[in-house]
Trainee: 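First the structure, then my questions, so here it is.
In what follows, chains are A, B, ... by sequence order, proteins preceding strands, each numbered from 1.
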2 protein chains.
Amino acid sequence: MAGIKDVAAEAGVSVATVSRVLNDHPSVSPAARARVVAAVAALDYRPNAVARSLRTDQTRTLGLVISDVLNPYFTALARAVEEEARALGYSVIIGNADERPELQDHHVRTLLDRRIDGLLMSPTDPGSGLMADAVRAGTPIVFVDRWVPGVEVPVVRADGRGAVADLVDHLLRLGHRRLAIIAGPAATTTGSERVDAFRDALRERGVALPDAYIGQGDFQAESGRRAAERFLALPEPPDAVFAADNLMALGALDAIRARGLSVPGDIALAAFDDIPWFVHTDPPITAIAQPTEELGRAAVRALAERIAGRVPPSLTLPARLVVRRSCGAPPPADQPHPQPIARRSDP
Amino acid sequence: MAGIKDVAAEAGVSVATVSRVLNDHPSVSPAARARVVAAVAALDYRPNAVARSLRTDQTRTLGLVISDVLNPYFTALARAVEEEARALGYSVIIGNADERPELQDHHVRTLLDRRIDGLLMSPTDPGSGLMADAVRAGTPIVFVDRWVPGVEVPVVRADGRGAVADLVDHLLRLGHRRLAIIAGPAATTTGSERVDAFRDALRERGVALPDAYIGQGDFQAESGRRAAERFLALPEPPDAVFAADNLMALGALDAIRARGLSVPGDIALAAFDDIPWFVHTDPPITAIAQPTEELGRAAVRALAERIAGRVPPSLTLPARLVVRRSCGAPPPADQPHPQPIARRSDP
DNA sequence: CTGAAAGCGCTTACAG
DNA sequence: CTGAAAGCGCTTACAG
């Protein structure tokens, strides 16, 4: 593979001059520039990004550590992140933590070793202190979606409190009274916040949330299934279940169906996170939709700010309730196709 | 951030010795090793992977270019790839081509510039010759799922011919006679192969496949919707539609529903690629399942072979038909939950 | 077993 | 405008 020396030789200039035209440095004569450009084309030369990074101390690379690539929410987030990053001239390396703290640590460490310019994290876990160390060492970091209390880093996330309250109203209006929730891991902010929001909304409306109606999940389908099975085995099972993410909703639906029960006839079901498939499940599932794409883009912009040495503020965008039929309501009359299906943001 | 020199100073040895213990070189005295280990811990030293890569000319990084991250099939593939790669000591950088040739080129160029050790591709497009150039230049490459004819590279993929024939039999047995297909882009191998397999299976069974029954899609939901709308507007619409991927099936389902028609009552629907949600759509969708995880792992192993200078053979694994209710058949009696839902492969 | 030194492929003051 | 040279943080023959 041709190196900068080959190009210099071919163009009859020094490597310094080649480097200057490569980096659009102004002080290069038109003649020299032309010869270099021709040599680059002739040799099909491509600068070695590794060498360049070592010299300039920047990799033009961002790290993104997400909790689960198989979750459509994170996949949509990752896509938006990559798009905005590309627009700003960055590549992004995704690390999939699979909701496993050790794997998360592995990825953070690897990313740091590779000297990424900045790190975007949706932490699975408060972690081993690795993140705190990185912050202290000056690595630009911003949290997206989930965050770690106590780690002083900007966070870009959705606020689901309003939407959760809307959901509770919706459920009560439809006559449900025994409302249960399948929570995410308490170690994650989204795990605890969603339960808190649900519990608070219930209390404000004079409804209790017994412990037996709080299922402990881990944001994976299998845990949703188990939690739902436990609910259904109760002497007095809930008449509505709210799953704190889409995968646990999938598992719950599976468990309910396996028991021969129907949604929403026997039990209502709703989920946090909206995904295209919810339009076509049986029945279509009422969900709380996050502004995922905006979150991803805003997080990248905030990280770019941090890299530039500025201190971007945290940002919270509202989530919203999308009513479908899984809680018993007829779909709103003005929505012939309840929700637009997966559409690209570009043509 | 501490460098190797700081460690050397702290341990009272040369950087060469530090490097040796870092790389587990045998000829280091136990005493020196101990001092270095202590210094590394004291300074919280982590070797700079960029510098190491420049020196050793290997990045221990694999590139993976997929066609669409929002497609659960590719997301599952990417996860398997990352897992196997990690087991072999590699990181993987994913590039999402979004089914756009220019984006695909952008990613392979970026990956090449970063001097990845090898490239795994599921090409969106035969491409601009970039891949052929890379092969000629000696970059280890292997194709997964899709490939480019004429580019001499090992390919790891699934063979759907048998499963497609099984599907056609299934459809005919249920009384469907006007079978249509929503194809992927003809520029992709999976786009053309699936139509060919379908057409051949029909011909062998004496059934014609009129041009009007071949919808042209692009593997995106929206194109599936449009193709289905066109089918339904035909004087004699098909009574069964086979979508060549899961996203187009989603779009088709949307279009059929919007028209007030029912599946399978009015029209049967099947898809290539099985995903967890198909169990819970209304109705559950009959699909052709690929051994996705095996494909991802096998592809990484093949790439590692190539990197090691060997020439791994291409590999083709069979896909299989998973019957559910979208074509009109009752679910097999021995399958209470038709398919296991999304389960992790690890505990 | 150990260290001094060269070198990976670039960029960038510095001098001219 | 241009080039010689230093240096980014490592690894690895080479000599001892």
Trainee: Would you call A/Arg79 and B/Asp98 a salt bridge, using N to O less than 4.0 angstrom?
Mentor: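 The answer is yes: the pair qualifies as a salt bridge.
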Trainee: With side chain to side chain contact (heavy atoms under 4.5 Å, CB included) as the criterion, how do A/Asp113 and A/Leu111 come out once you've worked through the C-alpha distance, each side chain's angles and the decisive distance to 0.1 Å?
Mentor: CA-CA 5 Å; A/Asp113 286 353; A/Leu111 259 8; over 6 Å; no
Trainee: For residues 2-23 of chain A, which residues have at least one heavy atom under 4.0 Å from DNA chain C?
Mentor: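 When residues 2-23 of chain A is checked for heavy atoms under 4.0 Å from DNA chain C, the hits, listed by number, are A/Gly3, A/Ile4, A/Ala16, A/Ser19, A/Arg20, A/Asn23.
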Trainee: Report the C-alpha distance between A/Glu82 and B/His107 in whole Å, list the side-chain angles of each, state the deciding distance to 0.1 Å, and finish with yes or no for side chain to side chain contact (heavy atoms under 4.5 Å, CB included).
Mentor: CA-CA 11 Å; A/Glu82 196 275 336; B/His107 283 122; 3.1 Å; yes
Trainee: Please tabulate, for the side chains in residues 31-39 of chain A, all donor-acceptor contacts under 3.5 angstrom to protein atoms that are two or more places apart in sequence or on a different chain.
Mentor:
{"residue": "A/Arg33", "atom": "NH2", "partner": "A/His25", "partner atom": "O", "Å": "3.1"}
{"residue": "A/Arg35", "atom": "NE", "partner": "A/Ala11", "partner atom": "O", "Å": "3.0"}
{"residue": "A/Arg35", "atom": "NH2", "partner": "A/Ala11", "partner atom": "O", "Å": "3.2"}

Trainee: Between C/dG7 atom C1' and B/Leu54 atom CG, what is the distance in whole Å?
Mentor: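 Rounded to whole Å, this separation is 9 Å.
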Trainee: Taking atom C1' of D/dA5 as reference, at what distance in whole Å does atom CZ of A/Arg55 sit?
Mentor: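 It works out to 11 Å between those atoms.
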Trainee: Salt bridge between B/Arg157 and B/Asp145, side-chain N to carboxylate O under 4.0 Å?
Mentor: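 Salt bridge: no.
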Trainee: For the C1' atoms, the ones on C/dG16 and on C/dT12, what distance do you get once it is rounded to whole angstrom?
Mentor: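 The answer is 16 Å between these two C1' atoms.
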Trainee: Which dot-bracket string fits DNA chain C when only Watson-Crick or G-U wobble pairs with both atom distances under 3.5 Å count, crossing pairs get [ ], and | stands for a partner on a different strand?
Mentor: |||.||||||||.|||
Trainee: So, A/Glu99 and A/Arg146, do they make that salt bridge, N to O below 4.0 Å?
Mentor: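 Looking at A/Arg146 together with A/Glu99, the answer is yes, because their closest N to O distance falls below 4.0 Å.
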Trainee: Going by heavy atoms closer than 4.0 Å, what residues in residues 31-52 of chain B are next to DNA chain C?
Mentor: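 When residues 31-52 of chain B is checked for heavy atoms under 4.0 Å from DNA chain C, the hits, listed by number, are B/Ala32.
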Trainee: Hey, are A/Asn71 and A/Gln220 close enough side-chain-wise for a donor-acceptor pair under 3.5 Å?
Mentor: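 Their side chains do not contain a donor-acceptor pair, so the 3.5 Å distance test is not met.
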Trainee: Please name all residues satisfying salt bridge (charged side-chain N to carboxylate O under 4.0 Å, His left out) with B/Asp57, sequence neighbours left out, ordered by chain then number.
Mentor: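 If we apply the salt bridge (charged side-chain N to carboxylate O under 4.0 Å, His left out) test to B/Asp57, skipping adjacent residues, there are no hits.
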Trainee: List in chain and number order the residues that pass salt bridge (charged side-chain N to carboxylate O under 4.0 Å, His left out) with B/Glu294, two or more places apart in sequence or in another chain; answer none if no residue qualifies.
Mentor: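 By the salt bridge (charged side-chain N to carboxylate O under 4.0 Å, His left out) rule, B/Glu294 matches no residue at all.
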Trainee: Under 4.0 Å between a Lys/Arg side-chain N and an Asp/Glu carboxylate O for A/Glu305 and A/Arg301?
Mentor: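 Salt bridge flag = no for A/Arg301 with A/Glu305.
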Trainee: Taking only the side-chain nitrogens and oxygens of A/Ser29, find out if one of them lies under 4.0 Å from OP1 or OP2 of D/dT2.
Mentor: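 For D/dT2, OP1/OP2 do have a side-chain N/O of A/Ser29 under 4.0 Å.
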Trainee: In whole angstroms, how far is the C1' atom of C/dC10 from the CZ atom of B/Arg115?
Mentor: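 Going from B/Arg115 (CZ) to C/dC10 (C1'), I get 11 Å.
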